[in-house]
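Below is one structure, written out as structure tokens; the observations come after it.
Being a predicted model, the structure only gives us computed values, none of them experimental.
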Amino acid sequence: MSATGTVRPCAATDIGTWDLTADVVVAGYGVAGAAAAVEAAREGAEVLVLERAGGWGGAAALAGGFIYLGGGTALQKACGFDDSPEAMSAFLMAAMGPGADAAKISAYCEGSVAHFDWLVECGVPFKPVFYGEPAWEPAADEGLMYSGGENAHPFDEIAQPAPRGHLPQMSDKRTGERGGGYMLMKPLVETAERLGVKARYDTRVEQLVVEQDGRVCGVVARTYGQRVTVRARRGVVLASGSFTYNEDMLAAHAPLLLDRPGSAVEEHDGLAVRLAQALGAGIAHMDACEVAIHMDPQYLIRGIVVNDRGQRFINEDTYPGRIGQAALYKQENQTFLVLDEDGFEQARKASAAPEILQLQPKWVCESAAELASEMGLPPGALEATLEVYNRHAEGGRDPLLHKASRWVRPLRGPLGAVDLRGMTSGFALGGLTTSTDSEVLHVNGEPIPGLFAAGRATAGIAAWGYASGASLGDGSFFGRRAGRSAARA
């Protein structure tokens with residue numbers, strides 16, 4: 001999808017009669033929009049949500065459902081884990097990459113326990129069972145797991161590890177249809193409806209409306225081809241998602257994601273970013289992306305991941321999204337998994353992942369030299385990598401990349417290699433710059449009056465790193481702040 005149509009603001013003086021009016025107008029009914037609607041309504045505001053799709057949910061409802069929380073939540077305690085806001089903040093500042101927003105991370109960590117309690121109060125269920133296997137998500141309806149590599153090098157040396165991937169409970173979940181994300185969204189929308197929040201679907205916001213003094217006071221939208229003007233007495237909240245499905249914006253900011261979108265929906269076309277930019281809003285981390293690698297971690301962790309030079313480049317027990325980022329951005333998407341027969345068999349027995357993530361070896365050979373030749377790797381490169389790895393693995397060590405000793409063992413022939421070239425997809429992490437109160441900031445650093453934003457339309461706690469649950473976590477957390485700020489504006 002490419003950017004089309006004007007996003008220039010409309011002057012309030014050009015609006016003859018407003019078709020609809022509310023105190024707070026929210027654009028987008030995903031997790032950020034739902035959280036904003038609930039909090040604005042609790043502040044006594046009349047709230048109207050405009051959603052361009054035919055129903056609520058957005059990308060959040062189709063996601064696995066992780067919410068990154070910690071600091072000592074009731075779920076963590078019930079599963080026997082200690083955590084603190086300080087440990088959580090230390091991890092996030094290291095793991096979220098260069099340029100991570102210290103103020104946002106501090107606020108997020110300090111408010112994490114209260115945010116978990118708020119979700120429970122809204123009816124989001126969590127099963128107090130820990131899932132300790134390497135995986136993209138739990139096998140069943142377990143409520144807690146490591147979702148960011150907190151217990152892997154180097155993060156286990158930076159802060160005391162604690163599992164912070166909180167997953168809403170749903171029996172017989174079907175990710176992509178009605179999984180954990182759906183079980184997060186449904187209670188939030190039901191809470192909003194009980195509070196009197198109104199929603200209009202199949203309604204796409206096209207322009208922001210501004211007063212002569214620059215204050216945002218409404219939007220122009222389109223529903224079934226008809227132009228609709230909507231007045232916001234107090235404020236407008238932009239919560240309509242990332243620019244992952246906007247080819248022009250990807251080409252300009254994150255070209256390596258072209259033709260490989262993932263964990264997003266087509267409505268993520270960058271509209272919120274462009275609407276606010278037309279008012280002079282700042283943007284940040286537009287080149288940053290989360291990248292999934294299409295392989296079950298049960299297999300990755302038992303083998304070695306190498307590039308097209310036959311070299312390891314990352315510890316395989318880390319967060320698989322970090323492996324995906326490294327593969328796409330540092331290895332030109334040219335990677336392979338090398339594993340022996342015992343490792344494949346152990347992974348197969350332990351895996352609960354769908355078959356699409358249990359890729360089979362493309363090459364199988366008796367020796368490393370034969371395997372490297374079949375794979376087209378430089379002569380001697382893979383053999384040297386395996387010799388160093390196996391020599392130290394005899395003692396359960398990995399001094400090069402520090403994979404945990406639990407997963408380190410020599411790889412003996414016959415050996416197989418899974419072709420992971422091109423097996424990545426992802427979504428954009430960058431977006432609008434906002435304050436810790438979710439005010440959209442002008443390029444000069446000042447808030448744009450009447451305009452607020454949250455979720456993947458903004459540059460949240462993730463900069464050049466990620467942990468599963470960071471999007472739904474900061475989307476809902478700062479969505480609440482956006483709703484409160486807009487209601488009090």
Side-chain angles (χ1 to χ4, degrees), residues 4-7 9-10 12 14-62 122 182 185-210 216-241 245 265-276 450-457 475-476 479-480 482-483 486-487 489:
T4 58
T6 183
V7 292
C10 174
D14 291 338
I15 304 293
T17 302
W18 295 97
D19 298 307
L20 300 167
T21 298
D23 293 326
V24 174
V25 175
V26 179
Y29 216 172
V31 72
V38 168
E39 289 297 90
R42 286 183 172 175
E43 289 288 325
E46 180 186 6
V47 182
L48 175 63
V49 182
L50 305 178
E51 168 56 53
R52 61 185 289 187
W56 53 262
L62 300 178
C122 288
Y182 176 84
M185 283 300 305
K186 186 173 183 287
L188 293 183
V189 172
E190 290 173 346
T191 300
E193 291 173 345
R194 286 195 299 271
L195 291 168
V197 171
K198 304 298 183 185
R200 286 179 64 100
Y201 300 108
D202 298 298
T203 302
R204 173 188 167 91
V205 173
E206 294 188 337
Q207 292 175 282
L208 296 173
V209 182
V210 295
V216 175
C217 64
V219 302
V220 176
R222 190 163 297 276
T223 179
Y224 299 111
Q226 299 298 312
R227 183 174 185 264
V228 179
T229 57
V230 187
R231 182 187 176 202
R233 300 187 191 96
R234 304 186 193 179
V236 171
V237 177
L238 298 176
S240 55
Y245 273 90
V265 291
E266 290 187 4
E267 288 80 8
H268 282 206
D269 63 357
L271 178 63
V273 175
R274 293 186 291 122
L275 289 172
L451 188 61
F452 309 86
R456 280 277 60 90
S476 55
R480 292 174 62 199

Within residues 24-36 or reaching into it, pairs that qualify as salt bridge (charged side-chain N to carboxylate O under 4.0 Å, His left out) - sequence neighbours excluded: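 Qualifying pairs, neighbours excluded: none.
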I would like to know whether V209 and I15 meet side-chain contact (heavy atoms from CB on, under 4.5 Å); could you show each step before the answer? CA-CA 9 Å; V209 182; I15 304 293; 4.1 Å; yes
Any donor-acceptor pair under 3.5 Å linking the side-chain atoms of T229 with those of D19?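 Yes.
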Electrostatic pair R204-D269, nearest N-O below 4.0 angstrom: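 A salt bridge is present here (some side-chain N lies under 4.0 Å from a carboxylate O).
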Any Lys/Arg nitrogen of E267 or R52 sitting under 4.0 Å from an Asp/Glu carboxylate oxygen of the other? no
Is it true that a side-chain atom of R231 and a backbone atom of W18 form a donor plus acceptor pair closer than 3.5 Å?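 Not at all, since once roles are kept as given, no pair shorter than 3.5 Å links the two residues.
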Just by distance, do the side chain of S476 and the backbone of A32 share a donor-acceptor pair under 3.5 Å? no
[X] versus [Y], closest heavy-atom pair with distance:
X    : Y    : value
Q207 : L275 : CA-CD2, 3.8 Å
A454 : A482 : CB-CB, 4.3 Å
S240 : H268 : O-CD2, 4.0 Å
A272 : L238 : O-CD1, 3.7 Å
C122 : R194 : O-NH2, 4.3 Å
C217 : V210 : SG-C, 4.2 Å

Please assess T203 against V228 for the test side-chain contact (heavy atoms from CB on, under 4.5 Å), listing each intermediate value before the final yes or no. CA-CA 9 Å; T203 302; V228 179; 5.5 Å; no
Checking side-chain contact (heavy atoms from CB on, under 4.5 Å) for the pair R480/V38: CA distance, chi angles, key distance, verdict? CA-CA 7 Å; R480 292 174 62 199; V38 168; over 6 Å; no
Is there a side-chain contact (heavy atoms from CB on, under 4.5 Å) between V265 and Y245? Walk through the geometry before answering. CA-CA 7 Å; V265 291; Y245 273 90; 5.6 Å; no
Scan the side chains in residues 43-51 for donor-acceptor partners under 3.5 Å anywhere in the protein, sequence neighbours excluded, and list what turns up.
from : atom 1 : to   : atom 2 : distance (Å)
E43  : OE1    : R488 : NE     : 3.2
E43  : OE2    : R488 : NH2    : 2.9
E46  : OE1    : R233 : NH1    : 3.1
E51  : OE1    : Y29  : N      : 2.7
E51  : OE2    : A53  : N      : 2.8

Euclidean distance, D202 CG relative to R222 CZ, rounded to 0.5 Å: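 One finds 14.0 Å between CZ of R222 and CG of D202.
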